[in-house]
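See structure below.
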Number of protein chains: 2
Amino acid sequence: MKVLIIEDDPLHRSYLNEAIRAALPECDGVLEAENGNAGERLARDLKSAHVVMDLQMSQRNGIEAARTIWKERPETRILFWSNYSDEAYVRGVSRIVPVGAVYGYVLKSASDDRLKLALRSIFIESQCVIDREVRGMQQKSLGNVNGFTEAEYEILVDIALGLTDRAIAQRRNLSVRSVQNRLQQLYVKLGVHQPLGSQDDDGRFNLRARAVAVAFLRKLLNHNALERAEADLAAWLARHPHD
Amino acid sequence: MKVLIIEDDPLHRSYLNEAIRAALPECDGVLEAENGNAGERLARDLKSAHVVMDLQMSQRNGIEAARTIWKERPETRILFWSNYSDEAYVRGVSRIVPVGAVYGYVLKSASDDRLKLALRSIFIESQCVIDREVRGMQQKSLGNVNGFTEAEYEILVDIALGLTDRAIAQRRNLSVRSVQNRLQQLYVKLGVHQPLGSQDDDGRFNLRARAVAVAFLRKLLNHNALERAEADLAAWLARHPHD
DNA sequence: ATTTTTTCTGCGGGATCCCGCAGGGATCCG
DNA sequence: CGGATCCCTGCGGGATCCCGCAGAAAAAAT
């Protein structure tokens with residue numbers, strides 16, 4: 001059994017390496033890659049079925065790497081080892097995990113033991129392990145108690161990218177009015193109130209821009225998610241030259 | 001001589017600790033704090049004049065901690081040791097460094113030797129050390145070759161927060177039209193083109209929202225900067241109930 | 001001091017956004 | 001089948017945004 005590490009921080013990389021050797025004595029080889037691209041390549045060449053990776057790396061972020069790895073070999077087991085439990089990350093991961101796949105998500109702030117336990121659970125016992133904190137996010141985002149529908153999240157991303165109502169309508173195959181309906185739902189859920197024709201309330205906020213701001217502040221969005229969305233958008237724009 | 005470490009990642013903390021002891025044999029004590037709040041308190045209690053800190057910590061971010069530390073004792077020497085060279089961070093730091101203060105900014109990706117050299121330069125030789133990469137950002141941001149004026153950056157932050165033209169005008173003591181002028185400058189510099197009344201060009205982008213998006217993608221803004229700006233905004237809103 | 005450059009300001013109009021009102025279609029009950 | 005609930009859609013209007021035109025004020029250059 002070989003384990004592939006994909007992590008750009010050398011310190012964390014060597015720490016992981018040690019932890020893996022300690023937790024998995026049956027492991028007979030640990031490989032390291034320092035960014036998503038190299039990681040994908042190694043995973044492909046070596047057909048490694050056990051991966052531990054960081055999200056947010058400079059070259060190619062973890063989610064994209066995981067997606068291509070899983071696309072090529074869905075039975076690969078991946079442990080995500082990340083600094084943050086941003087909803088954007090959690091949602092990004094759970095969006096790409098294949099049905100029935102074994103994976104894990106533990107925070108870097110977790111203890112030594114938790115990490116090692118997770119390693120054994122995933123790679124030996126074939127059991128998913130998701131950090132308590134992360135699971136909290138997951139539930140909040142899937143169940144919609146104070147969470148967001150897929151549709152709402154989608155439109156949030158679209159306005160964060162700077163798209164027009166009309167452009168969103170085209171892209172999502174909706175009428176302009178429907179897009180606006182969804183936007184209003186979003187505004188309500190984000191607690192962004194109307195700056196309408198009245199001086200009793202604020203009138204200080206541009207709802208659209210404000211929504212994006214609070215989404216960022218609440219970590220519904222982050223740089224990584226934006227980058228992915230931007231790439232998707234670019235691809236879509238290429239397919240749809242312009243009306 | 002005592003050195004204070006403010007860093008939330010235990011791995012990096014202990015690495016720093018070792019590096020400091022190795023690089024500064026004349027140092028007779030290394031203290032550690034795992035977030036900005038604790039760091040400020042320790043700095044105050046111990047009157048420590050030598051600090052190494054991370055930016056982006058969960059409890060209280062590095063820039064705010066540095067600001068209060070420098071406010072209380074401007075001669076304190078601070079080495080910022082950060083993962084990123086985002087323009088938002090660089091600008092944030094250079095905005096708060098007192099005149100004549102000795103400080104440094106090195107990336108975590110730098111080599112062992114570079115870190116140790118920086119430690120000696122700052123704490124012993126009283127010489128500022130800024131990583132090459134970071135200095136690049138600094139010049140790009142201060143000199144305005146493809147860089148942004150203070151005014152432009154300011155208005156960028158304001159729209160990122162979701163403020164209305166009118167609100168920005170009030171806050172910055174300008175007419176609405178002037179705000180719009182600055183916005184147009186900003187759009188040009190960000191390479192955001194007009195979706196004007198024509199179908200020859202895009203018409204797909206809401207300039208205001210798009211500007212924020214590309215600012216994030218280019219790391220002119222980041223979560224940290226937004227949080228600081230939001231706090232400032234809240235304070236201002238409190239002072240100006242509503243017209 | 002005069003010219004040049006930059007920035008601020010008002011006016012106006014077209015495009016976009018925000019959203020209440022209302023009808024149509026889909027699904028899920030009883 | 002009638003009713004309830006949901007989402008999609010068009011219409012319309014007030015508010016906001018984007019920006020060209022152009023004069024006034026301020027700053028910089030000569």
Side-chain angles (χ1 to χ4, degrees), chain A residues 144 148-156 158-214 242-243, chain B residues 143-144 147-156 158-214 242-243:
Chain A
N144 57 8
F148 294 76
T149 311
E150 204 52 30
E152 287 159 356
Y153 186 73
E154 200 177 61
I155 207 171
L156 169 60
D158 283 339
I159 63 172
L161 284 172
L163 290 176
T164 298
D165 288 5
R166 189 154 43 89
I168 300 175
Q170 278 181 234
R171 189 177 184 199
R172 306 303 184 185
N173 288 317
L174 290 174
S175 77
V176 175
R177 190 59 182 90
S178 297
V179 171
Q180 294 174 334
N181 274 337
R182 290 186 168 178
L183 279 175
Q184 277 173 109
Q185 273 180 258
L186 184 69
Y187 297 152
V188 172
K189 282 211 184 172
L190 286 173
V192 176
H193 295 306
Q194 61 277 19
L196 252 195
S198 59
Q199 59 278 42
D200 63 319
D201 209 351
D202 291 354
R204 306 199 205 258
F205 287 124
N206 172 325
L207 294 194
R208 172 176 292 241
R210 184 60 181 166
V212 176
V214 320
H242 37 48
D243 48 335
Chain B
N144 57 8
F148 295 77
T149 311
E150 204 53 30
E152 287 158 356
Y153 186 74
E154 200 176 61
I155 206 170
L156 169 59
D158 283 339
I159 62 171
L161 285 172
L163 290 176
T164 298
D165 288 5
R166 188 154 43 89
I168 300 176
Q170 278 181 234
R171 189 178 185 196
R172 306 302 183 186
N173 288 319
L174 291 173
S175 78
V176 174
R177 189 60 181 91
S178 297
V179 170
Q180 294 174 334
N181 273 337
R182 282 162 126 118
L183 278 175
Q184 278 173 111
Q185 273 180 259
L186 184 69
Y187 298 152
V188 172
K189 283 212 183 170
L190 285 174
V192 176
H193 296 306
Q194 60 277 17
L196 251 194
S198 58
Q199 59 278 42
D200 63 318
D201 208 350
D202 291 354
R204 305 196 204 260
F205 287 125
N206 172 326
L207 294 195
R208 171 176 293 240
R210 184 61 181 165
V212 176
V214 320
H242 39 50
D243 49 333

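Reminder, nothing fancy here: chain letters follow the sequence lines and each chain counts from 1.
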[X] side, atom [atom1]; [Y] side, atom [atom2] - distance, nearest 0.5 Å:
X: A:Ile159; Y: A:Glu154; atom1: CD1; atom2: CD; answer: 12.5 Å
X: B:Arg204; Y: A:Arg171; atom1: CZ; atom2: CZ; answer: 10.5 Å
X: A:Phe205; Y: B:Thr164; atom1: CZ; atom2: OG1; answer: 8.0 Å
X: A:Tyr153; Y: A:Lys189; atom1: OH; atom2: NZ; answer: 14.5 Å
X: B:Ile155; Y: B:Gln184; atom1: CD1; atom2: CD; answer: 10.5 Å
X: B:Arg182; Y: B:Ile168; atom1: CZ; atom2: CD1; answer: 10.0 Å

*Is it true that a side-chain atom of B:Arg210 and a backbone atom of A:Leu163 form a donor plus acceptor pair closer than 3.5 Å?*
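No; judged by distance alone, with no hydrogens or angles, the pair does not exist.
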
*Which one, C:dT16, C:dC19, D:dC19, comes nearest to the side chain of A:Gln184?*
C:dC19

Measure from [atom1] on [X] to [atom2] on [N] and round the result to the nearest Å.
X: B:Ile155; N: D:dC17; atom1: CD1; atom2: C1'; result: 12 Å
X: A:Arg166; N: C:dA15; atom1: CZ; atom2: C1'; result: 9 Å
X: A:Tyr187; N: C:dG20; atom1: OH; atom2: C1'; result: 16 Å
X: B:Asn206; N: C:dG14; atom1: CG; atom2: C1'; result: 16 Å
X: B:Ile159; N: D:dT16; atom1: CD1; atom2: C1'; result: 14 Å
X: A:Glu152; N: D:dC7; atom1: CD; atom2: P; result: 9 Å
X: B:Arg208; N: C:dA15; atom1: CZ; atom2: C1'; result: 15 Å
X: B:Asp165; N: C:dT16; atom1: CG; atom2: C1'; result: 13 Å

*When every nucleotide of nucleotides 7-12 of chain C is labelled 5' to 3' by its protein contacts under 4.0 Å (heavy atoms), B for base, S for sugar-phosphate only, - for none, what sequence of letters results?*
-SBBB-

*Apply side-chain contact (heavy atoms from CB on, under 4.5 Å) to A:Val179 and A:Arg172, showing your working.*
CA-CA 9 Å; A:Val179 171; A:Arg172 306 303 184 185; 5.9 Å; no

*Listed by chain and number, what are the side chain to side chain contact (heavy atoms under 4.5 Å, CB included) partners of B:Gln180, not counting sequence neighbours?*
B:Asp165, B:Val176, B:Arg177

*Both distances under 3.5 Å, Watson-Crick or G-U wobble: on that basis, could you give the dot-bracket string for DNA chain D, with [ ] for crossing pairs and | for other-strand partners?*
|.||||||||||||||||||||||||||||

